[in-house]
Protein chains: 2
Amino acid sequence: MRFSKFFIHTLKETPRDVALKSHEYLIRAGLISQSGSGIYSFLPLGKIVLQKISDITKYHMDKAGANEVLLGCITPASLWRESGRYERYGKELLRLKDRKDNDFVFGPTHEETITDLTKNYIKSYKQLPIHLYQIQTKFRDEIRPRFGLMRAREFIMKDGYSFHSSYESLKEEFDKMEQIYSDIFRDLGLDFRVVEADSGAIGGSGSKEFMVLANSGEDTICVCDSCSYGANLEIATRKPKAPNSQAPEANFAKFHTPNTKTIESLCEFFKIDSYWTIKAVVKKALFDNEVSEYVFFFLRGSDSLNETKALNATGANELCDVSEEEISKLGLFAGFIGPYALRNITNSKHIYFDNELNGAKNMICGANELDYHFVGVDLNLFEDLEFKDLLEVKEGNVCPRCDGGKLYFTKGIEVGHIFQLGDKYSKAMSATFLDENGKTKPYIMGCYGIGISRLIAAIIEQHHDEVGIKWTKNTAPFMVDIIISNIKDENQRNIGEDLYSKLLELGVECIVDDRNERFGAKIADFELVGFPYAIIVGKGAIEGKVELVCRENLQKQEYELSKIDNLLHEVKKCL
Amino acid sequence: MRFSKFFIHTLKETPRDVALKSHEYLIRAGLISQSGSGIYSFLPLGKIVLQKISDITKYHMDKAGANEVLLGCITPASLWRESGRYERYGKELLRLKDRKDNDFVFGPTHEETITDLTKNYIKSYKQLPIHLYQIQTKFRDEIRPRFGLMRAREFIMKDGYSFHSSYESLKEEFDKMEQIYSDIFRDLGLDFRVVEADSGAIGGSGSKEFMVLANSGEDTICVCDSCSYGANLEIATRKPKAPNSQAPEANFAKFHTPNTKTIESLCEFFKIDSYWTIKAVVKKALFDNEVSEYVFFFLRGSDSLNETKALNATGANELCDVSEEEISKLGLFAGFIGPYALRNITNSKHIYFDNELNGAKNMICGANELDYHFVGVDLNLFEDLEFKDLLEVKEGNVCPRCDGGKLYFTKGIEVGHIFQLGDKYSKAMSATFLDENGKTKPYIMGCYGIGISRLIAAIIEQHHDEVGIKWTKNTAPFMVDIIISNIKDENQRNIGEDLYSKLLELGVECIVDDRNERFGAKIADFELVGFPYAIIVGKGAIEGKVELVCRENLQKQEYELSKIDNLLHEVKKCL
């Protein structure tokens, strides 16, 4: 390719409202152009990178035996009503009407479409398992689209769906996909972690996320310093904490505890460690059909509630904060809430205890009376308590898997997510097969997503410096940028064109900068766009010398044109 | 690929509501599946064909120096308001609102997006010409989606846009694209014609269509039997017709002509050829902002009005028929309308004469009085008549280009359309550049479309027989189908697998039918899906014989396995 024939327009200025380096560089290097809020067009350079990522993904998916399809982008709302997601999905779902006033959605994901499609074809266990995938434009109507391709409304996703006659078969495919995804991200040149994850609105049980490690990542992931354990903070667990102080043994009693509305003040009052206190958190949970209920969570005072875990415990769609006024109206007193008689006072069916409170005794908790706490509380004496994993893991907690390692946090960008859906969609949509005994069953499904366009941003977040992008080997739009320093110099032009032909012959993807521009602008474009190598045909050309610049470290090496094979060999080696 | 690992499900029954063979076969052969009215999913076989067509298109577009992009599928309505198309496009434009109630369209074409994009980058004539293209999912909300992929609502299009500093440069690119498109359709194995076409709602002047010849085609195209002239009937012209009878010479006079409301009865009355009469057609024309006006067209009585030409003459958005009652209200008499005093009577600014009436004399026309006609009419005596090409060409008319050939009609499927847009969009959207003299000018644009998904249907319409599809060499999902007749026969299985490996090694795209199915079902699937060749490993295998079947003519040829190289050579030759 030639710069002079290629639509590349770089910008010196950082665009406004740009918070991430990837967003800045994607625009400045001329890879994307915004056409609306959260909607981007891919310019020629961006399209090449997008294609490379898609191709690598396709290669591995095909190798894994998945079949590529392309589903309708617009999905009839009737299918989303069958699954129940039309109402539940919220405003991120772009709903639309055709000229005849029929309802449709612009698919943000395609479980419904694929389930409806496959149920027309899959009749018997003999046809299972099967895995279908596509690479397609999706739309998610984000409330605050930002960060360029990182959180766009229109985006490109690889979404795959597998169908099975048993959970064992699903698990096998799920594990295979973990491996295939790892191969894809490794081929893309990414440093990533596979972590356990929350399944969110997609539903199902057991999911894993693929996180590209980058300081700018929106997700906090929790990893072990000595084993491979990793989990999104939303779902991370730890080895239960052991007490680091002696239990405040006491007989069960009610104490007057004025001015102890916080755990801190309560501990100060009794001179104890917060480990021995029970913290109460009240939320309002929103369910389907606009039903709302107050929900109660209890944890050790030394722990904090994780909102995602809390939400999952209730099965609600959303949790909202609750004011002191609302608490009063419930007949409770903020700072003095405890489990005693709570069900009677509030009538709530949603009272949850963190797993680490299971069997706890010698505890102090609110007495549901203003300025009073109970001491010597033994939770073993309660009946029918509902225990759930509710707490947020902290750095330094002990790994739940290896039993020795310490957990620490790092930031990640989610680029892939695999789910064991189970029969959630097939059951709702009556998608069944006949098993070996001739019995009709809903089939078991998995689904597997990769954020193809988001990956472009993730690669840049992990591979850039202060002057521009540093593409990885398999994602670079061109491997080598041949810079003809002064296009009016015939000797330089000839050498440049000769190198260009030779590299093309070797199968090296290269672009020759044959523009009538200053050398400074050309080298700045090389650094900004981030081709892995530049060959500079400049002033040294007259003495038969060119320079090879490596984008990774910006180091230069001089080569004699008479020993050009060394240079070509060097470049070829890197492919 | 293996049938046993591939999602292929063929159907024996013809689906309901299927009028075209391509629609029937696409569904029966398991290439597509309907997910909504006019919305289809591509199954794995269909996706492969789609990809092949896209790849061939991309290859030629890149070779022509065009740069691939991918524009936002969703376009802000503001851009369509700038160009004026938001109001004018009609109900085929899918309009939608996001969560913040902003207006958007699901782009059926992307002139607005690309013009808005390029105007941020193109500043000078030095950056021109440039050609950007994309292959993308589009949506057109057809009032009556039908014929499968032929007239779907969601479809895949290659749309390209070129930008120029002069009309000469545009013409050059337009001519190049005619060549490139011809190369693409030739590579796809299609018999097609390039014809002159109407520019329709896209606008601009000078456009050509690429028509795949097929009896089922929706378009009538008019071609010459002795030169390369071809045009859509909407725009076809002819050498002006010569009279085939002597002129009825007479002095100008008004005649009482009762019961002569039709041209036929009028000719009978005067015993003349309809060539010497003037036919009047009245329509109601709808313009922007709900303005409507009556419009009048005059042609020789021997000719008919072409609706598209009539519409283009007026510049209106639509023409509607007019009742006799409406004509009466205008002060006119159906069957007796003529040009005399017409402007005074009706106040209409829209009175058009067909070019072939230019200079006509000795004519008979309505007198704008009940039961009266004028004879001896000489149009040369009128002032300021507006002449336009209005007539519909008939089979047997003389070619306008070669002057000797006769025109005949054939049916075509439109698969490509190239337009010289001019400055329609750049002017409306203030997309300008500085020319060589430093003067600001709107740039000159061309646009170029190929119906990628429609091509799948067009190929089938041209290449099928009564049992199924016959893919062309470059569009076949697999070149060879190796049919292992009885999968339980170890010898057959070994021979089949061996052939499969050998063909893969040769780089032949092949699929092996290793299903536990009857031979009859396998050969029927071969014929229905339409792979170019099958190799049957059947009963002859025990004697070391296999058969090669050619899908084109269903002829079989036996091959000795000992001379397998002959067979492989035969297959390889066809690639």
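Every value quoted in this text rests on a predicted model; they were computed, and no experiment measured them. In what follows, every heavy atom counts, from backbone to side chain, and hydrogens, waters and symmetry copies are set aside. Order of the sequence lines fixes the chain letters, A, B, ..., with proteins taken first and strands second; residue numbering starts at 1 for each chain.
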Flag the one option from B/K91, B/K5, B/R95 with the top tally of heavy-atom pairs under 4.5 Å to chain A. B/K91

Against chain B, label A/I114 side chain, backbone, both or neither, depending on which of its atoms sit under 4.5 Å from a heavy atom there. neither

Could I get the full list of side chain to side chain donor-acceptor pair (under 3.5 Å) partners for B/S41, not counting sequence neighbours? none

With a 4.5 angstrom heavy-atom cut-off, is it the side chain or the backbone of A/D116 that approaches chain B, or both, or neither? neither

Do A/K158 side-chain atoms and A/T57 backbone N/O form a donor-acceptor pair below 3.5 Å? no

Does the plane of the ring in B/Y121 sit parallel, tilted or perpendicular to the ring in A/H9? Use 30° and 60° as the thresholds. parallel

Report which part of A/K126 has an atom under 4.5 Å of a heavy atom belonging to chain B: side chain, backbone, both, or neither. neither

Region of A/R153 that comes under 4.5 Å of a non-hydrogen atom in chain B: side chain

Once you measure the plane-to-plane angle for B/Y40 and B/H23, does it fall in the parallel (<30°), tilted (30-60°) or perpendicular (>60°) bin? perpendicular

Under 4.5 Å, counting heavy-atom pairs only, tell me which of A/A152, A/P76, A/G36 racks up the most with chain B. A/P76

In terms of heavy-atom proximity below 4.5 Å to chain B, should A/L132 be classed as side chain, backbone, both, or neither? side chain

Given a strict heavy-atom distance threshold of 4.5 Å, which part of A/I74 is in contact with chain B: side chain, backbone, both, or neither? both

Using non-hydrogen atoms and a limit below 4.5 Å, what part of residues 46-55 of chain A faces chain B? A/K47, A/L50

Which portion of A/T113 sits near chain B, non-hydrogen atoms under 4.5 angstrom: side chain

